[in-house]
Amino acid sequence: MGNDETGAADAPEVRARPRRAPRTLFAKQIVHRAAADAVRKLDPRLVARNPVMFVVEVGSIITLLLFIRELLTGGRDLLFDGQITAWLWFTVLFANFAEAMAEGRGKAQAEALRKTKTLTMARRLTGRHEERIGATELRKGDLVVCEAGDVIPGDGEVTDGIASVDESAITGESAPVIRESGGDRDSVTGGTKVLSDRIVVRITSNPGETFIDRMIGLVEGARRQKTPNEVALTILLAGTTIIFVLAVASLVPFAAFGVRSAGVGALPSVFLLEALLVCLIPTTIGGLLSAIGIAGMDRVMQHNVLAMSGKAVEAAGDVNTLLLDKTGTITLGNRQAVELIPLPGVEVDALANAAQLSSLADETPEGRSIAVLAKERYGLRGRDLHDGNAEFVPFRAQTRMSGVNLGGSQIRKGAAEAVKRHIVELGGSVPPELDEITDRISSAGGTPLAVAVDDRALGVIYLKDIVKGGMRARFDQFRAMGIRTVMITGDNPLTAASIADEAGVDGFLAEATPEAKMALIRAEQSGGKLVAMTGDGTNDAPALAQADVGLAMNSGTQAAKEAGNMVDLDSNPTKLIEVVAIGKQLLMTRGALTTFSIANDISKYFCIIPAMFAVTYPELGAINFLRYGPGSALSTPNSAVLAAVIFNALIIIALIPIALRGVPYRPVGASALLRRNLFVYGLGGMLVPFPAIWLLDRLLVLLRLA
Amino acid sequence: MTGHGILEIVLFCLTVTALTKPLGVYMHRVFEGQPTALSRAIGPVERVIYRLLGVRESDDMRWTQYSFALLAFSAVGMLLTYVLLRLQGALPLNPRGFGGGQMPPDLAFGTAASFATNTNWQSYVPEASVSTLSNMLALTVQNWTSAAAGMAVAVAVCRGFARHGSAGIGNFWVDLIRACLYILLPICIPYALFLVWQGVPQTFAAPVVAAGLDGSRQTLLTGPVASQEAIKMLGTNGGGFFNANSAHPFENPTPLTNFVQIVSIFAIPAALTCTFGRMVGNPRQGWAIFGAMAALFLCGLAVCYQAETAGVPAVRDIRVAAFEDDAPGAGNMEGKEVRFGIAPSALFATVTTAASCGAVNSMHDSYTPLGGMVALLNILCDETVFGGVGAGLFGMLMYAIVAVFIAGLMVGRTPEYLGKKIGKYEVRMAILALLILFATAASWTALACTMPIPPSAAALNRVNGSSPALDLGGASNNVGNPGAHGFSELLYAYASQTGNNGSAFAGLTANTPYYNLTGGIAMLVGRFLMIIPLLAMSGSLARKQPTPASAGSLATDTPTFAFLLAGVVLVVGALEYFPALALGPIAENLQMLARQAF
Amino acid sequence: MIRHLRPALVTVLILSALFGLVLPTAITGAALFLFPHQAGGSLVQLGGRVIGSGVIGQTFASPGYFHPRPSAAGAGYDPLASGGTNLGPTNAKLLRGRHRDHAGGAPDPGDFDGIGDLAASYRAENQLAATDLAPADAVTRSASGLDPHISPRNAILQAARIARARRVSVASVRDIIDQNTEGRQWGIFGQPRVNVLRANLALDGMGSGQATAHPTGTGR
């Protein structure tokens, strides 16, 4: 598993905290650019993607033409008609602005990426020769050489050599990483920079398909396709829009009937009808829908996760089962010595001494932790054995032991079986208590290391997996979200069960092989569940591809990165948790604003309909809430309608922050979330417009605009 | 509102609730093909029928086949009804000698469509147009079959949710026959006899001319009324043997028959929610739907009852006493029967429009504006408040899809209902059905609004001798009341027909070729173009594998969801129709309160 | 798909025969056996002649009879044209319509006795003061136009007129009302009410003691 720089200190948190986002949502340069884009996006061909706003734009064009005609021929109510026309256009512009704002940050990021790409030169190997060509001319399969200071010209695999590489252009992380041929660290990304040594890279992607190209495409939203839920919601909104278009259209004959039978009044003007229509169709969600989607992707980006599609992010919100690798995700990457258990008749100091000696030259984290334990717990000072008579015996797969030969005695530590064999070979005998101790440690989830001096067993070192801090709380949150966590480990079932229990995961897969992992994913999926997992090795690739959400580590192999549908540039497997939260936020924001948008309609009816029929049915004024409160005498039908239309336009702007940041997600159960959101966005959506429209109405009267 | 009124309403609610589970469980067994107490008696008949039809019980139909079977069956039934109505003059059991003159082609078409779609809109006066045989063989048969077909469709839609990875949604013929033989028939026989006991005629005797005590003469028309009445109510059909429908003393002679009739409207629709819960393996799911329906029903009833008790201010001014001694208001008794009084009338009106029954025991057109608006709004919400037999449940499931889609997003997951993910196909079908219903009702009403208003709407009222079936052709829209109320009549007419309700603001003189033809189309569209998208949705759902529920998925068997569902029905229905309601009942109510008259 | 047509055709035929012919006939047979009176329409006979149905209202205009509610069925209580007025609460005709005979020579174009007109007539014929409350059922038309009942209050207000016309004591008329007042069915359902035909039969039977006072088949 990848790097483990994020230790226990990095307390996990579900709330998405962007790492390198612009300081504020409304950074000046983004707003300026978005304002310009909003106008550019008035192109009907672009608006047509969004049925709700398309209807508004068509209405705006109609009212504009009518208004121009009125200007030329002299209309009765130019001030009112002009304002309605203007606010209809503003409604479209505000929706465009929201979308442009969401795209803004991505665009800024994309520009920076583009710069790294354009000027790169490649040193292509052809046979024995080397030629310099532009990076854009490279094709799949080409071999290129990169030396210290070179920018790697394209995505590829290291076929020869080892180098440290600065990947900050992609990941934003300045610490260099090691890339070497063979194994799981052979993938390099175009645009990153070699800091030392020399590597030969086989290019694995054609121009335009490289990682950086994909990244630019993603952050710009150029390749944005509507996600399944977005498509369904668009259908719902389009259907609602058609219904309201019909409702407004049929209102004309309905009104005609009323006018004829009452004998007074006139049919509502096109301006009034357009005003009613734009207030009824779900412009709020219609205007913000694509912004929500783009912003969701952007939030994922800010966590340094590259999602290949919005679909993947959405799927993350739906995940039922989370497969987490034990090492590096649930536990710290390495086991630590926590106790020394001497055999009967052995002084614990003697054991500590032997353990320390055997580990002095052991630079593995486990080895170091033994030395530290001996020093801190058993009061042994650190020792230096560089005096020549000590001979270190490194760990070897055949012996499965390491140690030191010191003053004629062989000090060894290693797997219990290996040490026992070693003792028997030397003619010693193993006390039965050793097995008892090792069994006990194993069943507690630890790893026993036996320690022997020559043919005498001294005791056992208890190595333990250390569960990262805060994991239990996090898994509790998952449980509350309805997500089952499964720990994947190569450990034996006993050890796995113990760690799973300590970490608080819901299940585990022990002695996991790639095949077993794959089978587990398939089994979960056949039960209708969506599965998310992380992985970095080539042998993870099939499982990453099979999983509904496959988060590949950037440090991993090219195969893994291509199999997954997300790449974590920080190579931090716990990131999956944030991705799930963002996916949920994305869906929630859409649902909340849809509810809000529809709930809004109620209040608008109560001021527009009475205004529309003020002459034919003056009694309807009784249901007009603007008729109540101070200044009610000044409120006119015109001011009422205008106030509703203005509210309808401004609410889009007012909700941009929610659309871009997302509705706050807390990991509580669905029922609690539903109640809360229904209360805030349903009831709130019903009530908020009343005072807001009331104020706007009074303001319009004060300003003599109506 | 009075103590007795509320008592009767409470008793009604308890009775319906008590019937829901036993009847629902029984229907579940029937539609799942499990043995029931009646299997031994009915089973052989059932199997003979299947043999005659050439179908096997085990044959499963895809949604397309199911739809086609339904359409074919309804088309054949409608055609037969049309032919019988047109030929009634040449057929027996025609005591008053009605012929094609009383049943012109446009009326026969409208009536055939009306009965084949479970609407039972009657633009004609039955006692002046239809022979006894037509009533029995044409109209009553459609009452049975259209109700059974509605139940079959509801069960098929439920199967979409209940089945996993299945291509089929059941067998239409089997569902239809079982609904008829196991559910409707065993209830209707004792029900009809109960009605006779209480005073509903059941005879083939000729009309009797009675010489009244005070010199009046009456032709007392009877017939096989009880056998028609039972299925008319139980199947939420609503087509009366007489013009006055369940207000007629021969159809609904006592307060007890009235109570039983109201219960029988709701019995099957309410129980189907329980059947649904059982089919999807979680009875609470059914109760959640039941809860949403009950909440909407009680809100509507409260408004309607309150408005009718409060009565009309202008009538109060005439110093008219409260009808019920303990009632606070004058009470609106226009178009209501003494034996029922106000509470059972308001209850009947709310129930018959909530369910798509359309029978009436009082004249909705004479209701107060708000009382009438409850009836209208019930219909405009697509009669999902218990609704028609079958139609109510699948209508509510259509709304549930919309509710789940919006609410499901709000909990941060792809919306799912009963474990089935709601994708674009399901949303498209639900919205399509909603859109079709709205577009049909709104556009026909709009078109009728453009026709001239009669010079004096008041002159058209068929009172004191004027012919009720006055044919005005297309010269006028024939509304029977002036102003906003006239508009309500038009809206009610097309809403009722599109929603397959069949009740009316009957001041509208609807027996004209224009109304018969447009109404017939509205009824056919409102029935079948709603059912087909829902069956398509069911077919798509049945194919899906369910996602297991977790703490993160939206629980749809909770009061919160019931509340949400009720809210969605109300908001969608109200939002679509608010402008129309404002121009109709709302404006009229404000005028009435200001003591205006036109 | 065409194979669905055969079951469609056969089902319609089978179900038509079953529910359109067999079932109504069978229920008629059972009904005539169990409840012959009700099945035949609850006919009331007096001296061998059918004078009406116990459940259907009929017109009474003579001052010596209880008057039923106003009726919108045909020319009044016409069983071949059942129905209500279908007039709405903002319809001036319903509220303020005047009957031709009451409009003081100037015929009202509606020629319709609205609620105000009916209340005035009711007060006039029963010698009530203009401030007296008129019973709601006496000034409104029923839904069927065939409502056989009036409210006990309505009957009581008519008692004095009937007593005058029949030259009997008001108390005896009120006795008739009491005897003919049906309570709520089972004590719960519906409204207390007086069946006009039966009360009037009782009036006719009063004093004379004739057997005709006991018409056959008084219903339930």
Side-chain angles (χ1 to χ4, degrees), chain B residues 53 68-69 72-73 76-77 127 136-137 141 144 173 192 196-197 199 201-203 208 210 212 214 216 218 220 222 224 227 242-244 247-249 253 255-256 259 312 314 318-321 323 333-335 337-339 341 362-363 365 368 458 463 465 480-481 485 506-507 588 591-592 597, chain C residues 1 4-5 7-10 12 15-16 19-20 24 27-28 31 35 38-42 50-53 55-56 58-60 62 65 72 75 79-80 82-86 88-93 95 110 115-116 119 133-137 140 142-144 146-147 149 185 189-191 193:
Chain B
L53 298 188
F68 186 84
F73 173 72
V76 172
E127 50 266 56
M136 284 164 54
L137 196 53
V141 167
W144 285 85
W173 306 112
V196 177
W197 171 51
Q202 178 73 21
T203 172
V208 180
D214 200 18
S216 66
Q218 281 182 311
L220 293 169
T222 53
S227 56
F242 300 102
N243 187 48
H248 197 293
L256 182 64
F259 183 81
V312 182
I318 301 169
R319 296 199 54 73
V320 172
F323 175 67
M333 276 303 284
E334 182 65 31
E337 302 281 304
V338 166
R339 62 190 177 283
S362 49
M363 291 300 146
D365 211 357
T368 58
V463 285
N481 280 282
H485 195 99
E588 194 199 357
Q591 290 171 338
M592 181 192 83
Chain C
M1 282 298 172
H4 290 303
L5 281 177
L9 208 64
V10 179
V12 168
L15 296 184
S16 294
F19 298 129
I27 290 182
T28 307
F35 313 109
Q38 293 97 311
S42 309
V50 175
I51 56 158
S53 163
V55 298
I56 300 279
Q58 55 178 270
T59 306
F60 287 93
S62 311
Y65 281 121
L80 298 181
S82 61
T85 61
N86 285 312
T90 54
N91 194 330
K93 178 173 161 183
L95 300 171
I115 292 177
L133 290 174
D137 59 306
T140 52
S142 66
S144 61
L146 302 173
D147 196 340
H149 299 110
Q185 200 167 7
F189 301 113
Q191 290 295 318
R193 58 206 182 276

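By convention in this document, chain letters (A, B, ...) are assigned in the order of the sequence lines, proteins followed by strands, and residues within each chain are numbered from 1. No hydrogens, no waters, no symmetry mates; every other heavy atom, side chains included, goes into these values.
Panel note: side chain B/Asn481, backbone C/Asn91; no donor-acceptor pair is recorded below 3.5 Å. When atom types are taken as modelled, the side chain of B/Gln202 and the backbone of C/Pro24 share a donor-acceptor pair closer than 3.5 angstrom.
When heavy atoms are compared at a cutoff of 4.5 Å, B/Val208 approaches chain C solely by way of its side chain, counted from C-beta outward. Both the backbone and the side chain of B/Thr203 come within contact range of chain C, judged by heavy atoms closer than 4.5 Å. Using a 4.5 Å cut-off between heavy atoms, C/Phe60 touches chain B through backbone and side chain atoms alike. If you measure heavy-atom distances from B/Phe323 to chain C, the contacts under 4.5 Å come from both the backbone and the side chain.
The residue among B/Glu588, B/His485, B/Arg319 with the most heavy atom pairs within less than 4.5 Å of chain C is B/Arg319. Counting heavy-atom pairs under 4.5 Å between each of C/Val12, C/Val50, C/Val10, C/Thr90 and chain B puts C/Thr90 at the top. Between chain B and the options C/Ile56, C/Ile115, C/Asp137, C/Leu95, heavy-atom pairs under 4.5 Å are most frequent for C/Ile56. Between chain C and the options B/Val312, B/Val141, B/Thr368, the largest number of non-hydrogen pairs under 4.5 Å is found for B/Val141. Per-residue counts of heavy-atom pairs under 4.5 Å with chain C were compared for B/Met333, B/Glu337, B/Glu127; the largest is that of B/Glu337. Considering only heavy-atom pairs separated by less than 4.5 Å from chain C, the leading option among B/Val76, B/Leu220, B/Thr222, B/Leu256 is B/Leu256. Counting heavy-atom pairs closer than 4.5 Å to chain B, the top residue among C/Gly40, C/Gly41, C/Pro135 is C/Gly41. Note on C/Leu80, C/Leu15, C/Leu9, C/Ile27: by heavy-atom pairs under 4.5 Å with chain B, the leading option is C/Leu80. Ranked by non-hydrogen atom pairs under 4.5 Å with chain B, the options C/Ala119, C/Gly52, C/Ser62, C/Gly116 are led by C/Ser62. Among B/Gly77, B/Pro249, B/Gly212, B/Ser216, the residue making the largest number of heavy-atom pairs under 4.5 Å with chain C is B/Pro249.
Across all their heavy atoms, C/Ala143 and B/Met363 have their closest contact at O-CE, 3.3 Å. Here the shortest heavy-atom pairing between C/Gly83 and B/Ala244 reads N-CB, 4.0 Å. Looking at every heavy atom in both residues, C/Ser144 comes nearest to B/Ala247 through CB-O, 3.3 Å. The shortest non-hydrogen separation linking B/Val320 to C/Ala136 is CG1-CA, 3.4 Å. For B/Ala506 against C/Asn86, the heavy-atom pair with the smallest separation is CB-ND2, 3.3 Å.
Counting only heavy atoms from C-beta outward, the side chains of B/Leu137 and C/Ser16 approach each other to under 4.5 Å. The shortest side-chain heavy-atom distance between B/Gln218 and C/Thr59 does not fall under the 4.5 Å cut-off. C/Arg193 has its side chain within reach of B/Pro255: a pair of non-hydrogen atoms, C-beta onward, lies under 4.5 Å apart. Between B/Glu334 and C/Thr85, some side-chain heavy-atom pair lies under the 4.5 Å cut-off.
By the side-chain hydrogen bond (donor to acceptor under 3.5 Å, both in side chains) test, B/Gln591 pairs with no residue at all, sequence neighbours left out. The ring pair (Phe, Tyr, Trp, His ring centres under 6.0 Å) check on B/His248 picks up B/Phe242, B/Phe250, with sequence neighbours excluded.
Using a 30° and 60° split on the angle between ring planes, B/Trp144 and C/Phe19 fall in the parallel class, below 30°.
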